[in-house]
Novice: 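Shown below is the structure under consideration.
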Amino acid sequence: MNITIDGRPLAFEGRPTILEVAKAHGILIPSLCEHPALEPYGACRLCLVEVQGRRGYVPACTTRAEEGLEVRTDTPELRKLRRGILELILAEHPHACLICEEKSSCDDYKSTIRKTGEPTGCVLCPANGRCELQRAVEAVGLERVPYPALRREGEARRDDPFIDRDNSLCILCGRCVRICSEVRGASVLTFVSRGSETVIGTAMDRRLLDSGCRFCGACVDVCPTGSLFDRSARYERLPETETEALCPFCAQGCRLRIGVCDNRIVSVAPDPEGPVNRGQACVKGRFVVKAAVAHRRRLLKPQVRREGRLEDASWDEALAAAAEGLGKAGPGGIAVTASAQSSCEDLYALHLFAAEVLEARPVTGPWEGTVAAALRSAGRRAGQPVPVNFVMSDIGRAGVIVNLGEDLPATQPIVGLEVTRAVRSGATLIDVGAGAPAGAAAGAAFKINLSAGRAKAFIKAVAAAVRKEGGAEVRLGGPKTLGPLGLTRETLTAMARALRTKKPVLYLAGPVFVESMGGPAALAELAGLAALTEGRIVPLGREANGRGALEIAGAFDAGPPSRRKARAHYLAGPSPKLEPGAAGFVVFQGSYEDENAASADVVLPETTAFEAEGHFVNVEGRIQSGGPAVEPAGQARPGWRILADLAAKMGRAEAVPSSVHDLRKDLARRVPSFAALSDGPAPREGLFLEEGTAWPGAVIGPGAADRKAPRAAGPRDPDDYKGLDLALENKSLKLVRGR
């Protein structure tokens, strides 16, 4: 289809707005309330345009493009109208700097004056240089405001974690209110009062912390001014460069934009074009990155234990000490532990090093005992592949979603957004908690709280109700059997009816289900229920590379676990605390100091995910490339390089490739599910792990699940990153988590 804008014939597809068509072709139409993540709103009226054949002016942000429309965006009448609108907006906004004749040279001399408490102009505002209102004034060419300046009532609020609020800078565009409701499903922010006294606030003027806010930062990201602002970036300089990185704090695989100045992270925001998060993030990815990378517990230098004390050493000394100690332990005497928060390159190098240099026991890690691992094991026992990949947006199109124990906003934030989207579209949400509400999303049709170990009985009861809805002769039980499950016959029947009639059906099962709700036995029953309802289990994990770690570990012959006491330990990341005397020699490779690092014989400092190139496989099975945002802190090195250098020191340089490129090619060759990486790094949208496809109608019966499968090592704090508990180490996150 075609439309004409300012005399230019332009082609478009679908049902975009006039504003979207104009933006796509580089035509500037000023707007302050419109945002790509939000539904059209038409509040600010700056985007008014003329459409031939229509009376008056129409907002470009809410008017759909149609075949043959002729639009004018820049006429004397429109320019006058926009100036008038901006003058009214600025009458209640500090505007001295916006219309100052000398503003072009001001920033060179007042770069730090924004430390003042109450901004009265741009140079005093934390959003100076990144403010959309500044750009709108420049585009419209406003030079004066004929009205007296009025300040909105209320003081700046700095009593919440992470976020400052200042209504004196607010232009009432409503973006923050709308994204909190439309996208995040929280509805924490709202318009308060009416008329000239209208402000953005919370119910009863409470703090965000007391209003159910999860501090995802979405309101900050869409605010066009400095009314809502990231406190940690308030006094920072504008970034010199901006790069992309993958957030390693959970399994979602969000892409972030990292602002860097002098090799220091000064700003973090979710990437609007991130293939997984699409401009959204959680509290950790949005606000904790800078503090984590520069944390005081970072390991910055190699260390070697001398005369009972850890002392700083050169890399050559530390590698020599590690090589000597590991060499003395001998084949089969070394236990190797990995972290699923390390990149695929680091994990693959570790498996190569363990198998071919150390001739050690199989590498162990937190991927063992996960739902994805159990499903793969069930598939092998049933003699058929069990696909565990999924696409995040599929959750948003579900008809019924059963959430089994996960606090989605905290542990699976992007999955939680898709659940919210599905509920808004009419999906039935069954929220099953393990002793407490799971907190999947607002609008759950059913909330069930189970005591520990009741998951299997609950699933069996639901399956019986589904069969009864299908016409089978089944007894559902009475109050004595259903009461302990928190169910009535009416509730059970209503859930079963939804599971039979609304499609598709998804069962979200993650660490809580494995650790607290019944383990492999309950998973076997869940597989049967999924088959009965023609649904599928969506395996959720917590660690950034849990799926990648599972695939890589599967490519190495695990063999039976050794019962002999290890003579040495190689700990590549956080591990359960070693008991005194557990091993004669310990090498710790990691990013942060913890109890194991403090008791190790050799400490090898490793980079964080923001300092090294590498691939991660998120909870969907999507392989994504993460690049370094900053240079490594101190003397830290990427994990794969540490292992290649150590292999060379032990006389086996050929065992571990000495470049990340060669390592990646070897990974693609040896691990079939990574074959797509043979042509080079994953593209921006990622590549999915290659996995077999089950034949139509194939199911995993309850008997196929391995009831003796390894269980998870134990509940791991979802706020832990490489041994650094972010919630305990960051006082603002500690408040958000209520710890």
Side-chain angles (χ1 to χ4, degrees), residues 185 371 390-408 412 415-434 436-450 454-479 481-510 512-513 517-518 522-540 697 699-700 702:
V371 174
F390 67 95
V391 179
M392 202 72 75
S393 57
D394 288 347
I395 297 174
R397 291 189 286 267
V400 181
I401 298 173
V402 183
N403 174 49
L404 294 158
E406 288 296 308
D407 182 359
L408 297 179
Q412 313 285 340
V415 171
L417 295 186
E418 292 297 332
V419 171
T420 297
R421 185 163 72 94
V423 171
R424 288 173 61 88
S425 299
T428 297
L429 174 61
I430 302 173
D431 198 11
V432 184
F446 304 96
K447 283 186 173 289
I448 312 297
N449 297 326
L450 299 178
R454 294 281 185 178
K456 180 179 177 181
F458 168 77
I459 295 168
K460 290 182 71 171
V462 173
V466 171
R467 286 193 292 270
K468 187 174 181 63
E469 280 293 304
E473 292 293 330
V474 179
R475 292 188 61 186
L476 296 184
T481 57
L482 298 180
L485 299 177
L487 294 173
T488 63
R489 289 175 66 107
E490 293 74 18
T491 298
L492 192 58
T493 299
M495 286 193 299
R497 186 173 297 118
L499 289 167
R500 280 195 65 87
T501 59
K502 300 180 71 173
K503 305 296 179 184
V505 178
L506 298 180
Y507 299 88
L508 309 183
V512 173
F513 184 77
M517 299 183 73
L523 184 61
E525 294 294 341
L526 183 62
L529 177 59
L532 183 64
T533 57
E534 299 177 349
R536 66 168 298 187
I537 300 171
V538 177
L540 302 178
V699 297
I700 296 298

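What you see is a predicted model, and the numbers here were worked out from it, not measured in a lab.
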Novice: Considering non-hydrogen atoms only, spot the tightest contact between Ile395 and Ile401 and give its length.
Specialist: O-CD1, 3.7 Å
Novice: Distance from Leu404 atom CG to Ile448 atom CD1, nearest 0.5 Å?
Specialist: 11.0 Å
Novice: Among Asp431, Leu492, Thr491, exactly one meets side chain to side chain contact (heavy atoms under 4.5 Å, CB included) together with Phe446. Which residue is that?
Specialist: Thr491
Novice: Could you tell me whether the side chain of Glu406 and the main chain of Val512 form a donor-acceptor pair under 3.5 Å?
Specialist: yes
Novice: What closest approach, in Å, do Leu450 and Met517 show between heavy atoms, and which atom pair accounts for it?
Specialist: CD1-CE, 4.0 Å
Novice: So, do Val432 and Phe513 sit near enough that their side-chain heavy atoms are less than 4.5 Å apart?
Specialist: no
Novice: Does Asp394 form a side-chain contact (heavy atoms from CB on, under 4.5 Å) with Val538? I'd like the steps, not just the answer.
Specialist: CA-CA 11 Å; Asp394 288 347; Val538 177; over 6 Å; no
Novice: Please answer whether the main-chain N or O of Gly477 pairs with a side-chain N or O of Arg489 as donor and acceptor at a distance below 3.5 Å.
Specialist: yes
Novice: Do Val415 and Leu540 have side chains that get closer than 4.5 Å, going by heavy atoms?
Specialist: yes
Novice: Atom NZ of residue position Lys502 - does it have more than 12 heavy atoms of other residues, nucleotides or ligands inside 6.0 Å?
Specialist: yes
Novice: Without swapping roles, check the side chain of Arg536 against the backbone of Pro504 for a donor-acceptor pair under 3.5 Å.
Specialist: no
Novice: Give me the atom names and distance for the closest heavy-atom approach of Val371 to Pro539.
Specialist: CG1-CB, 3.7 Å
Novice: Over all heavy atoms of both residues, which pair between Ile430 and Val400 is shortest? Give the atoms and the distance, please.
Specialist: CD1-CG1, 4.2 Å
Novice: Write down the atom of Ile459, the atom of Ala522, and the distance for their closest heavy-atom approach.
Specialist: CD1-O, 3.7 Å
Novice: Any donor-acceptor pair under 3.5 Å linking the side chain of Lys468 with the backbone of Thr493?
Specialist: no
Novice: How far apart are the closest heavy atoms of Leu532 and Ala463, and which atoms are they?
Specialist: CD2-O, 3.5 Å
Novice: Would a distance-only check, ignoring hydrogens and angles, find a side-chain to backbone donor-acceptor pair under 3.5 Å from Thr481 to Gly478?
Specialist: yes
Novice: With heavy-atom distances below 4.5 Å as the criterion, would you say the side chains of Leu499 and Glu469 are in contact?
Specialist: no
Novice: Can you tell if the side chain of Thr420 reaches within under 4.5 Å of the side chain of Arg424, non-hydrogen atoms only?
Specialist: yes
Novice: Which value, rounded to the nearest 0.5 Å, describes the distance between Arg454 atom CZ and Lys460 atom NZ?
Specialist: 13.0 Å
Novice: Are Val402 and Leu529 side-chain neighbours, meaning at least one heavy-atom pair lies under 4.5 Å?
Specialist: no
Novice: Is there a donor-acceptor pair closer than 3.5 Å between any side-chain N or O of Lys503 and the backbone N or O of Thr533?
Specialist: yes
Novice: Working to the nearest 0.5 Å, report the span between CE of Met495 and CZ of Phe458.
Specialist: 4.5 Å
